[in-house]
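I have placed the structure first, in the form of structure tokens, so that the comments after it can refer back to it.
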Amino acid sequence: MNVVVCIKQVPDPEIPPAQFKVDEVARAVVPPPSVAPVMNGYDAHALEAALRLKERHGGTVTALSLGPPSAREVLKRALAMGADRACHVDDPVLYDADSWLAAAALARAIYRIGGESGRSGQNGQYGYDLILCGRQASDTDAGQVGLGIAAFLSLPALSPVQQVEVIENGRLRVERLTEEGYQVIDVRLPALLAVSSEIGEPRYPPLRGIMAASRAQIPMWTAADLPPLGRKDDGDWPPLARKLRLQRLYQERREAACEHVQGESPADAGRALADRLRQVGVI
Amino acid sequence: MLVTRDPLFGVVPPSLVLLGAVLVAGGLFAAGMWRLYRLMRLGKSTSTTSIAGRPVKRAKGMLFDVLLQRRLLAEPYGGVMHALIFWGFAVVTVMTAHTFLAGLFPGFDLPAISRNPILLASVETFMALVLLALSMALLRRLVLRPQRLTYNADAYTVLALIAVLMATAFLTTSTSIAYDVQPWDRWAYLSQALAPAWVGLEPGHLLLLHRVSWWTHVLTVLAFLAYLPRSKHLHVVTAPLNVWLRNLGPRGRLPYRDVEAALEAGQPLGAGEVTELTWKDLLDSLTCTECGRCEAACPASSTGKPLSPKRLMTDLRQYLVRHGPALLRDAETWSRGDTDRTLGGRRGEAFAARVMGFALTVWRMLRPYRPLRKGPAPNGNTGTASPPVRPALVGETIAEEVLWDCTTCRACVDACPVLIDHVPKIVDMRRHLVMEQTRFGPEAQRLFDNLEASGNPWRFPRATRGDWAAGLGIPILGEVSVDDVDLVYWVGCAGAYDERYQKVTRAFARLLQHAGVRFAILGPRETCTGDAARRAGHEYLFQTLARQNVDVLNACGVKKIVATCAHCFNTLQDEYPELGGQYEVIHHSELLAQLVREGRLRPAQDQQPGGRTFTYHDPCYIGRYHDLYEPPRDVLRALPGLKLREIPQHNRARATCCGAGGARAFMEETRGTRINHLRLEQAEGAQPDGIATSCPYCIMMLEDAARAKGRYDTLPVRDIAELLDEWVEAAESR
């Protein structure tokens, strides 16, 4: 089974939120200077799912990332964990992409990946069998890109997914998380699954993998390298343009004051506290 | 006199019979030793030990640890027992040698030995003391039965052989005296006292009894010799060797491995196989005498965890003896194809091979144990059995959990009378798990991830590493030149980020400012020293972190460093020199003791009426690793009104670990009971009002234990810097 995993590079989500600043003029979140970019957590789970499928059923895993040059570090980690190849899409026109533009660029890149594998595999006309991505990215938490890719490529999509198994050639049995439990759904390949953390902990890359990945050559594609999806009526579908525009980004200010209520005895203090709470209208 | 004159059965001269017996036993001994030597040489070479380096130091070790039995006597019962047998063995051997020479060469007699009054009296005295020691041993094995011992047939065989030797020696000498008393026999005073017991026997029977006893004695000596290479009693040979070959390098330095070069060359990154341990590691395993002092001292063993340092050694030895021969055969087959690359191929190898071949032939002739033959196979095929499947050393023979239980506290190493170095083997096997197998728990993974991403174990941002110092007027190196400061304060991850330990950091900084010490910190340019990564087996990550730090320190021209963290202190002092970082490193306990001594810090009388009693918990990485037992105590003793009371038994070198070393601080303790609870209970034995210590991990662990036992408010845990700061502040406010 040939799997393409979309991986986003995000600012380290383990950093306490208080360390981040909001630039309201530039409408951007500014991470503290020394924060290392890391692989988005859910995307790491998606990669883990892909590697497990490969271990059980063979095939290849291709890691794909859209982002600035630092995204290559994330792709190297994917290679170290066991991905067979990596593709990096980087073009200034794609920076600050909205969900629509990111999905469009990634869909085109996946189409190219399929073409490079000779449109072979179990699903000959596509060249890939499965696309995995994380259910959402920890920086924007939008959860749109995966579904967008599926829409552009006309594939079925399921999100969020906690379990995947192959039941027969060309069909997967998928567990999709719901509010209280999960649904069991069979889906015909090729398909797109947006994976949740329930699928299992991502592996730590073996040291030999890290060393090999550090020397790996990762191809870099610009917007011009991304072929249109070949619809007859539109030679440039989907267009690499933004559809959304952020109007305002600001940090909500929360104010807290602390006041000591005292009394002669605990009972007095309790009475005083109740009076005060009534005064401010809480009780 | 232990001499027999008459021919055996009137035909064969006794000297020829004895010669035959000596050759057989000597051959068995030599073959057994040769086999063990070859097994030991399966290990790879090592640079941490050498036969010739620093002979004076090594000779001193021989004097104290072999002749004077220093480490054994640390435990009185077993120590005295062993010392009596050892010294007895040393004295009696002179006489035994004479007996054999006299037996082999009729007419041989050195009066300086055989008639030496002092020697005769000493031999008699020590033989009695050895018998006393044997009864102590039996009492211990049969009645007292301490848990640390191994109860197997080997131990009883050894005791029985020694008992037979002593009994027959007394019997031979006393019957000789009864038969024909000589003037010098009065020095053999115990045998002479026994001699009247044989008065009733007629001379012919007496002579027979004497001869039987003599032969029993000498044959038992030879049987013992042949038995040695198959017994833990082998330690009479290996222990002195192991003591001589001890690692004289810094105790806190784990063996360095060039990970990148090993990766390039496709060499193993850790020890997953006996051939990936060093020959000294294998010699250690062959030297273990199963006394179990390590196990009794081990915090993991003491809290019911699977790890026992003794079992680790005996499992390793058993594996080596059982599966080593197959590995040797592989090596031989391989070397036959390419004569230039024989096992350990060096100069003179042709000669060595010839000696080896001869010895192998001898060994095959004399080998006492034939391979088990279970009769013909059911189908009547009598072909040789297929070789046993060799289990993995790491994971199957030595369980992974055993390796992960170790806190690297070094209590086992310090307790071992034959100087076995357990810790580097455990870390080497962890390296195999981590770097070759990528097998470790999720907590270790989080530790590695966090160290990689942020340079500290909790993933705080690098940029905020110096934030604790905000507003305290502490310069960051770069803002000031290294020439304008006396030293650089290495804050460490806990000191920089941990809310509790920041109090210690600030107290120490205040004390330095108060004493007028000019210092600076590295701020965000400081990174984890890598101690936890290295001890968790991730040598590559350690080297990455260490190189970053060495680059920064060297670029700044840092010469002198003070560290509050015992682990940072150890890594900076013992491990960074190998990575190009040469600094003068001191622990804050040393600096504070010095500042108090010089009168630059003046603590006032304790404000609390009646004063307070504190006990002191020795952190492993400044205690057993660096012998810094007194400086922290000097600081505590300098506090007027504070009474220092030691933790009963478990203090200084015998202090129990808090449970956090060896990266255990970042892992859950799921097996057995909790080490920090055990340590708190030991500390409670001193009935203190508080516990003082001088390491962030120890504070963390002991405070957790106090919290869990509801003693958080009644048994405060403080760093010595916090206490000194409190006392000095009190002097200020007056």
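Labels below follow one simple rule: chain letters A, B, ... track the order of the sequence lines, proteins then strands, and each chain is numbered from 1. Given the structure is predicted, the values throughout are model-derived calculations rather than measurements.
For Tyr204(A) against Thr438(B), the heavy-atom pair with the smallest separation is O-CG2, 3.1 Å. Looking at every heavy atom in both residues, Gln445(B) comes nearest to Arg203(A) through NE2-C, 3.9 Å.
Across Asp449(B), Val259(B), Asn450(B), the residue that shares the most heavy-atom pairs under 4.5 angstrom with chain A is Asp449(B).
When heavy atoms are compared at a cutoff of 4.5 Å, Pro205(A) approaches chain B solely by way of its backbone atoms N, CA, C and O. Only the side chain of Thr464(B) comes within contact range of chain A, judged by heavy atoms closer than 4.5 Å. In this structure, no portion of Pro11(A) lies under 4.5 Å from any heavy atom of chain B. Neither the backbone nor the side chain of Val434(B) comes within contact range of chain A; no heavy atoms are under 4.5 Å apart.
Arg215(A) has a carboxylate O that lies under 4.0 Å from a charged side-chain N of Glu264(B), or vice versa, which qualifies the two as a salt bridge.
Counted within 6.0 Å of OH on Tyr182(A), heavy atoms from surrounding residues, nucleotides or ligands total 12 or fewer; the atom is thus considered open. For CG of Asp96(A), the number of neighbouring non-hydrogen atoms (other residues, nucleotides, ligands) closer than 6.0 Å is 12 at most. Shown here is Lys503(B), whose NZ atom has no more than 12 heavy atoms of other residues, nucleotides or ligands within 6.0 Å. Crowding of Arg56(A) atom CZ: a count of heavy atoms from other residues, nucleotides or ligands under 6.0 Å not exceeding 12.
Rounding to the nearest 0.5 angstrom, the gap separating the CG atom in Leu207(A) from the CD atom in Gln437(B) is 13.0 Å.
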Stepwise salt bridge (charged side-chain N to carboxylate O under 4.0 Å, His left out) check, Arg77(A) with Glu452(B)
CA-CA 12 Å; Arg77(A) 189 165 176 98; Glu452(B) 277 167 20; 3.5 Å; yes
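Contact annotation: the side chain of Leu269(B) approaches that of Arg208(A) to within less than 4.5 Å [non-hydrogen atoms, C-beta and beyond].
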